[in-house]
Each structure stands twice: as C-alpha cells, then as structure tokens.
A.B. asks: 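Here you go, one structure.
Sequential numbering from 1 along the given sequence is applied to the chain's residues. Excluded from the calculations below are hydrogen atoms, water molecules and symmetry mates; all remaining heavy atoms, backbone and side chain alike, are included.
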Amino acid sequence: MIRWILRTVSSIKTLRKRTATSPVSESGGQSQEETLRDKDKAERKRKAEMARLRREKIMAQMSEMQRHFINENKELFQQSLEELEASTSTSLEHSPTSPDAALVCVGPRRTRVCEKRQMVTCILCQEEQEVRADGRAMVLAAFVQRSTVMAKNRRRPPHDPEKYDPLFMHPDLSFGTHTGSCGHIMHSHCWQSLYFEAVQAKEQRRQQRLRVHTSYDVENGEFLCPLCECLSNTVIPLLPLSKGPASCEQPGLTQWLKTIGQQVKALHSAHRKLKPTSAGAVDDADPLEDCASPEGFRPDQTPKNPYSATIKEMLTTFGTATYKVGLKVHPNEQDPRVPIMCWGSCAYTIQSIERLLVDEEKPLFGSLPCRQEDCLRSLARFGSACWTASSLPSVQGHFIRLLAALIPDPQVESSPSILDVDMFHLLVGVVLSYRSVHCQDSSGLSVDGAQLHLFHLVTVAHIVQILLTSVPVETTMEQESGGGDDEVEEGVCHLYNLLRTHLGSALREAGSGWHLWLCVKTGILPYLRASALFFHHLNGVPPPPELHIVGPCHWEQLCGYLCLPSNLLQLYHSHRDLLDPLLQWWCSHSGVRECLQGGGPVVSFPRESNRLIDLPDDYSALINQASCFACPKSGGEKSRAPTLCLVCGAMLCSQSYCCQTELEGEDVGACTGHTFTCGAGVGIFLRVRESQVLFLAGKTKGCFYAPPYLDDYGETDQGLRRGNPLHLCRERYRKIQKLWRQHSITEEIGHAQEANQTLVGIDWQHL
C-alpha cells in the first residue's frame, strides 16, 4: 500500500509540472504540427504522380499491343469494316424512304429486309457461331406435347393413330400439337455427344431400387435443359432467313391458278410413273398428260439440298419427335405424315399464342418473351424447310391435296368441305408445302407471289365459312352512324345472297349489310392476327409500330401489313369471274348442306377462348357438392376422395380401386384416365376434401399446387386442418388458368419434382 501511495504521489507531481510548462511550449507544438502536415501533403503528391506515371505507362503498353495486333490481322479488320459498311448501306437502302412507306410482310411487294448475321452462343461449350445453312447445326431445346387447350369439342372419339390422316384440321380444334421452348441454344453435336447421350448412359447405370421414376423419361427422349432444367423432349434447328431473288412482275390470280394447275397435272403424271404397277395392270392415264408440263417446270429434276449434313439430321430429329408425340406412335422418319404434323404444330402454336395475347390484353407484336419469339421463328422456318428431310413426292402430294380443298381437282378424291377445315391450318400447310413444288420451277414464278395468291384464296374461303356459320339469328344491335360503308354493305349482301342462291333454305335470311360485315370483320380478326404472326416470323419483315401498342384492333394497319384491302370483299369482287364457280363448288359439297341442316357440330367464329370452370366464392359450396357425389361404380356409396376436373367440371372418384380404368394395358386411376380423354394427357384437378390442386401429366408425372381458396388471413388450408372459412382468390385462380393456357403444366410439374424428390416416388397413375 505504501509503495502504491508513493507511485501515485509521484505521478501527480509529474502531471503538475507538465501543466505548468504547457503555455511555454504551445508555439513549438504548432510549428511541429504544420511540419507534419506539409510532409503528408508532399507524400500524397508524390504518390499521385507515381500513379499517374504508372497509368500512362500501362496505356502506352495497351496502345502498342493494339497496333501490333492490327498489323498482324490487317485482312480480318478490313473484312469486318467492309461487312459493316455493306450492312449499313443495305439497311439504309431497304428502309422506308418516308414516314408513309408501308411495311408489307407477304407478296411481291413485300418489304425487303436484310437480316443481320445471327450470332449465337452454345450454352454447353460457350463457343459463338453464326447461323448458316451450310454451317454446323445450332438447336433450341424444345418440348412437344398434345393439347386440347383450344378444343371446342372434347367428346370427339380418339383417332386410330396408325390410320389417322392429320392433313386437315377440323375447326373445333379437338386436339393439336403444341411446341414450346426455353430458348437456350446448343450445338447439335454438343447436345448429342456431350449431354443427351451422357444423360442416357447415367440413367441406364442408375439402380432402379434407388429411384423408380424421374422427372423426365429418357426412354421417350425427354431431358432437362442443361441451363434452366426445363423439361424438353426434342430440339429445333435454327435456320437462317431463306433468300430468294427479288420479285419481278408476277402474274395475277387467274394466270397463276392456270399455271399452278398445269404444274399439278404434271406432278400427277410424274407421281403415277413412280408408283409400282402390278403385273398385268393396265395404265389408263391419258398419254397427253405426260406432255403437259408448263415451260420451266421439271418434275423429274432433283433439287439441290441447301442445308448441311448436321442441319438435315436435326430436321429429321425434330420432325420425327413431333410425329411421335402428336400421333402417339413409334418414331418413323419415313412416314409421309411427318411434315404434316410439323405444319400442324406450327399453326396450333401460333393460334395458341394469339389467343393468349388477346386474353392478357397485350399487343400483337413486341410483348412476347424472347424464347417464344425464337420458338415461333424456328417453327415457321423449319416448316418451310422440312421438305428437304422428307420424300419430295409425298410433300408435293400433300400440297396437291391441300390445294384441292380450295380448287377442284378431279384426280383428288374425298376432299373435305370448307366447314370441316380450319382455315389457318390450311393456310400454313399450303404455304409451307409450296416450297416442294417451287424447287422444281425455273419459270420465274416467285414464292412471294404464290404466298400472296394462296393467302387471298384461303381468306376468301374463310369469309365464306364465316357467312355460312356465324351470322346470328336475330340482330338487336343498332347500326352506328358512319359514312363510306355503303360499298362494303352492298358487297357483303351480294355475296351472302349468292350463297343463299346456292344453298337455298339451308342458309337463313340475314339482317342488314352492316351486321353481316360486322360478323365478317369480328370473325376473321383472329385469323388475320395469326397470319400476321406467321408471315412475320417466316419472312422476317418488321411489323408497323401501330401493332406494337395496345388499343383498338388497328384494322387498316393489320390489313396493310398483310397486303390486304381494308374492305376484304374486294378480294371477291375483283375476281368474281374466277371465284363464282369456286363458291358454287364449295357450296355444292354434300358436307356443307348436311352440316347447316344440323347433321354435325357447327363452329362459329370468332372462337371464344377456353377458360377453366367457374368456382364458387365460398368453399363450403364445393364441400356440399362433393358430399352429394356418389361413386358411379359402387352402387351409390359415397366417394372417399371426390376430385373436380377444373377443365370440364366433371366430378371423379379419385384414388380408389373401384373407378380404375385400363389405359394402354395398365390399370390407372380415374383422374389419370380422365386426363387422356379431356386434356390429351394433361389434367388440372381440385381435391375437394384436401383443398389441394393436383397437376397430372401422363401416367408418372404429377405434383400438388397451392389451391385458389384462402382464409381471412390470406393463407391456404391444405388438408382442411384449421377449419377456417375459405374464399376464392381470383388472382390465384387466374394464375392457374394462365399456366394451363400457356401449356406450362408439364413444365411446372418438372420443376416441382426436381425441387422435391419425394414427389417422384408417388404413384400418380393410381390417383
């Protein structure tokens, strides 16, 4: 303690001494601080100068390296500069010279657009490559599936896949083939050798005891996209824009039909020679037909295939996959129905996207994501090139039969009536198959002229189809006041009266010409919008800016983009001498009169978009409905797991042995069996007693989804454990409906099963 006191006293003394001497040393301390401050400034200045010199030295080194690289690669830089100048001059040359210059996507007056070099990067090897017809194939991961999203008749019996002819799609769109893509691009050889074959080998080595099912079926060609793990089952090759000579003066519709008729006769004769004749058979063909080939048309000529070997292989791969999935048959690349299924998938996908844009109130152009734009572009260009991967005579035969639905051909038997054909599918098929005929024609006829004439013919047929099926019995709308429509009303009245002359009492009287024109304009609008999407992606012409915004239908701009007059009746009146016999022939078909007199279902236009069923706001109403449902096969016994189909409204007895059905030689539950009759293999159900939404795809895929019913706290009650009152959340229900309309149910199931492996082990086929 004494020592501590002494130390403390000593420290206090020292502190007092310092305090006493501080006024004397204050001036000296200030000068010392200034000296230190000056030293810091000088040091910072020196460091800044050193950093500046270092930067200048590095920049000089980089400039020297650039000069050295340019000197070593003079030819490469000169070539790139020339290409840049050429592309700039070309874009200036083909751009509209004035704001009033119209953009046209079809016909000889089509706006010529020089497509830029399309450089893409493979997601597997990260190599960048240009899309070229003679280069290595670049492919998009795609998923092809059967669909009934737009079906107007779900009771149509299934077709025999081995005998079914899918050339003509019925207007009820009872089932179609939809193609979607995640938009990720790969080299074809990277996809085959580096990825898909590796996935197949891994699944073959996988022990079955560890995992009974996976989220994808390798045996059916399914795989997950290497980047986003989106379910896919094929790939679409990327193709460049087909370049043709600039269209000169082209013949009118009358002369073109005469020429194409001569070419069809020459093809009939050439195909007849290719058919093997049995021994002793007598060929009763007219020998004069062999000399009927028009000038410049050589049906015996073998056209040159413009695509590389890898692109031809990928054309066959996608065509075979679409054929296999769409018809539910074994793959057969030699089957003549392969190109038909590809054209049908292109048309159905475009129609589905057009309806989706209307339902979501989005503009026709500019609102689609890049992956859907790439998918539509690849589908349209693939359809135009698939004749190179198929038998040329068979594709030409398809064109002849498609054309015979519009123009009578005595050598084609059993053509359908115009009321049994979806006109947009007919347009896509006849336009894309014409390439197989044009490849043997050197007479100067252009593809652009043929596309325009075929488009006009199909459009007139669709106008007649609308007038026959979609005119209301009673019109209660009042005519709006407006001038300049007298010509339109007189034209549509004349056409309708002509149809009544051919059909008599089978076609009822109509109201005023204004109501008739309103029916035509309203009914044909979806067809025109889908046609604009089709020709835009086929020919690569940018749309006018008016079609990029949401608003009125922009009728004049849409018709101008499609090279159509705003008054569509001018298509008929400008070629009355040619079209009047065709109208009589269309109306004389036995199927037309039979259909109008009630012999079959009549589809009116425009077709309304399908929706999921309306659900009650209060969940207790659904519980009461389910409690009254009895199992149809148990003699009135209550169902233990009543399940409601949200697509058609049928109540099913799920997860029970009593209602199992046989499907492809296997016993499946009621829900799984119902998906194949109602949704072409895809189903959306509400399990009422569990308050769960059930997604099913095929026999082995499924997942549970959050129900659209919420309690007062905004929470779901799956399993009805809490027992709080539940009410319908329309926003959640719209989300489920959007998944269905976008054909994303299978994709949602795949993502759910990859995220939760316990879903893979559930026997979905027994639900």
Side-chain angles (χ1 to χ4, degrees), residues 162-168 251 254-305 316 319 323 332-344 383-417 421 426 429-445 447 450 453-454 457 581-582 585-586 589:
E162 298 297 334
K163 300 178 181 178
Y164 174 58
D165 182 10
L167 186 62
F168 295 101
T254 305
Q255 181 60 34
W256 183 83
L257 283 179
K258 182 180 178 181
T259 304
I260 202 67
Q262 294 173 352
Q263 293 181 355
V264 167
K265 287 182 180 179
L267 289 174
H268 277 305
S269 178
H271 295 170
R272 194 178 298 109
K273 292 178 182 178
L274 295 176
K275 290 182 180 178
T277 56
S278 58
V282 179
D283 190 3
D284 56 352
D286 187 355
L288 295 178
E289 287 188 359
D290 297 344
C291 306
S293 298
E295 183 180 358
F297 184 69
R298 298 180 58 187
D300 56 343
Q301 176 186 2
T302 302
K304 180 183 177 182
N305 195 322
T316 303
Y323 160 82
N332 179 13
E333 61 187 51
Q334 303 297 328
D335 196 299
R337 296 178 293 178
V338 170
I340 300 175
M341 296 304 299
C342 297
W343 301 330
S384 180
C386 66
W387 63 270
T388 61
S390 303
S391 170
L392 186 61
S394 66
V395 181
Q396 291 173 343
H398 299 329
F399 171 77
I400 292 171
R401 290 180 56 203
L402 289 167
L403 189 63
L406 300 171
I407 303 168
D409 188 344
Q411 300 191 52
V412 176
E413 299 178 356
S414 65
S415 291
S417 72
V421 178
L426 177 62
V430 75
V431 166
L432 296 180
S433 60
Y434 175 73
R435 293 271 185 178
S436 64
V437 178
H438 184 265
C439 67
Q440 296 178 332
D441 183 12
S442 58
S443 62
L445 290 180
V447 175
H453 293 318
L454 291 170
L457 271 177
L582 287 181
W585 180 70
W586 293 342
H589 196 287

A.B. asks: What is the distance from atom OG of Ser417 to atom CH2 of Trp585, rounded to the nearest 0.5 Å?
C.D. replies: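 CH2 of Trp585 is found 10.0 Å from OG of Ser417.
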
A.B. asks: I'd like to know if the side chain of Arg337 reaches the main chain of Tyr164, judged simply by a donor and an acceptor atom lying under 3.5 Å from each other, with no hydrogens or angles considered.
C.D. replies: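 Yes, the answer is positive, given that a donor and an acceptor are paired below the 3.5 Å cut-off.
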
A.B. asks: Do the side chains of Val338 and Cys386 get nearer than 4.5 Å, heavy atoms only?
C.D. replies: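 Heavy-atom side-chain distance check fails, nothing below 4.5 Å.
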
A.B. asks: Enter the distance from Ser442:OG to Arg298:CZ here, rounded to the nearest 0.5 Å.
C.D. replies: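 Going from OG on Ser442 over to CZ on Arg298, the span is 7.5 Å.
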
A.B. asks: Apply the test side-chain contact (heavy atoms from CB on, under 4.5 Å) to residues Val437 and Ile400: give CA-CA distance (whole Å), side-chain angles for both, the deciding distance (0.1 Å), then the verdict.
C.D. replies: CA-CA 10 Å; Val437 178; Ile400 292 171; over 6 Å; no

A.B. asks: Give the C-alpha distance, both sets of side-chain angles, the deciding distance and a yes or no for side-chain contact (heavy atoms from CB on, under 4.5 Å) between Leu457 and Leu257.
C.D. replies: CA-CA 10 Å; Leu457 271 177; Leu257 283 179; 3.9 Å; yes

A.B. asks: Hey, does Cys439 have a side-chain heavy atom less than 4.5 Å from the side chain of Trp387?
C.D. replies: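 SC-SC contact between Trp387 and Cys439 confirmed.
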
A.B. asks: side-chain contact (heavy atoms from CB on, under 4.5 Å), that's the test. Do Gln396 and Arg401 meet it? Break it down for me.
C.D. replies: CA-CA 9 Å; Gln396 291 173 343; Arg401 290 180 56 203; over 6 Å; no

A.B. asks: Taking the side chain as every heavy atom from C-beta outward, state whether Leu445 and Pro251 have any pair of such atoms under 4.5 Å apart.
C.D. replies: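 SC-SC contact between Leu445 and Pro251 confirmed.
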
A.B. asks: OG1/Thr254 to NE2/His453 distance, rounded to the nearest 0.5 angstrom?
C.D. replies: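 Interatomic distance, Thr254 OG1 to His453 NE2, rounded to 0.5 Å: 9.0 Å.
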
A.B. asks: Spell out, as yes or no, whether a donor-acceptor pair under 3.5 Å connects the side chain of Thr388 to the backbone of Ala385.
C.D. replies: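 It does hold such a pair.
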
A.B. asks: Give a yes or no on whether the backbone of Ala266 and the side-chain of Ser269 come within a donor-acceptor separation of less than 3.5 Å.
C.D. replies: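 It does not hold such a pair.
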
A.B. asks: Looking at Gly383, is its backbone amide N or carbonyl O close enough to the side chain of Trp343 to form a donor-acceptor pair, meaning the two atoms are under 3.5 Å apart?
C.D. replies: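 A pair under 3.5 Å: yes.
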
A.B. asks: For the pair Asp335 and Tyr323, evaluate side chain to side chain donor-acceptor pair (under 3.5 Å) and give the outcome as yes or no after the intermediate values.
C.D. replies: CA-CA 9 Å; Asp335 196 299; Tyr323 160 82; 2.8 Å; yes

A.B. asks: If you round to the nearest 0.5 Å, how far is CD of Gln255 from CD1 of Ile260?
C.D. replies: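 Separation between the atoms: 12.0 Å.
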
A.B. asks: Check whether any side-chain N or O of His268 sits under 3.5 Å from a backbone N or O of Gln263 as a donor-acceptor pair, and report yes or no.
C.D. replies: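 Here the side-chain-to-backbone pair does not exist.
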
A.B. asks: Treating His271 as the side-chain partner and Ser394 as the backbone partner, does any N or O pair qualify as donor plus acceptor under 3.5 Å?
C.D. replies: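 No, His271 side chain to Ser394 backbone: no donor-acceptor pair under 3.5 Å.
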
A.B. asks: In Å and rounded to the nearest 0.5 Å, what is the CG to NE2 distance from Leu432 to His398?
C.D. replies: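 Atom-to-atom, Leu432:CG and His398:NE2 are 12.5 Å apart.
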
A.B. asks: Would you please test Leu406 and Leu426 for side-chain contact (heavy atoms from CB on, under 4.5 Å) and show each step?
C.D. replies: CA-CA 10 Å; Leu406 300 171; Leu426 177 62; 3.8 Å; yes

A.B. asks: Would the distance check show the side chain of Gln440 and the main-chain N or O of Phe297 forming a donor-acceptor pair, the cut-off being under 3.5 Å?
C.D. replies: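 Not at all, since once roles are kept as given, no pair shorter than 3.5 Å links the two residues.
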
A.B. asks: Anything under 30° is parallel, anything over 60° is perpendicular, the rest tilted; go ahead and classify Trp256 against Tyr434.
C.D. replies: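 Aromatic pair Trp256/Tyr434 classed tilted.
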
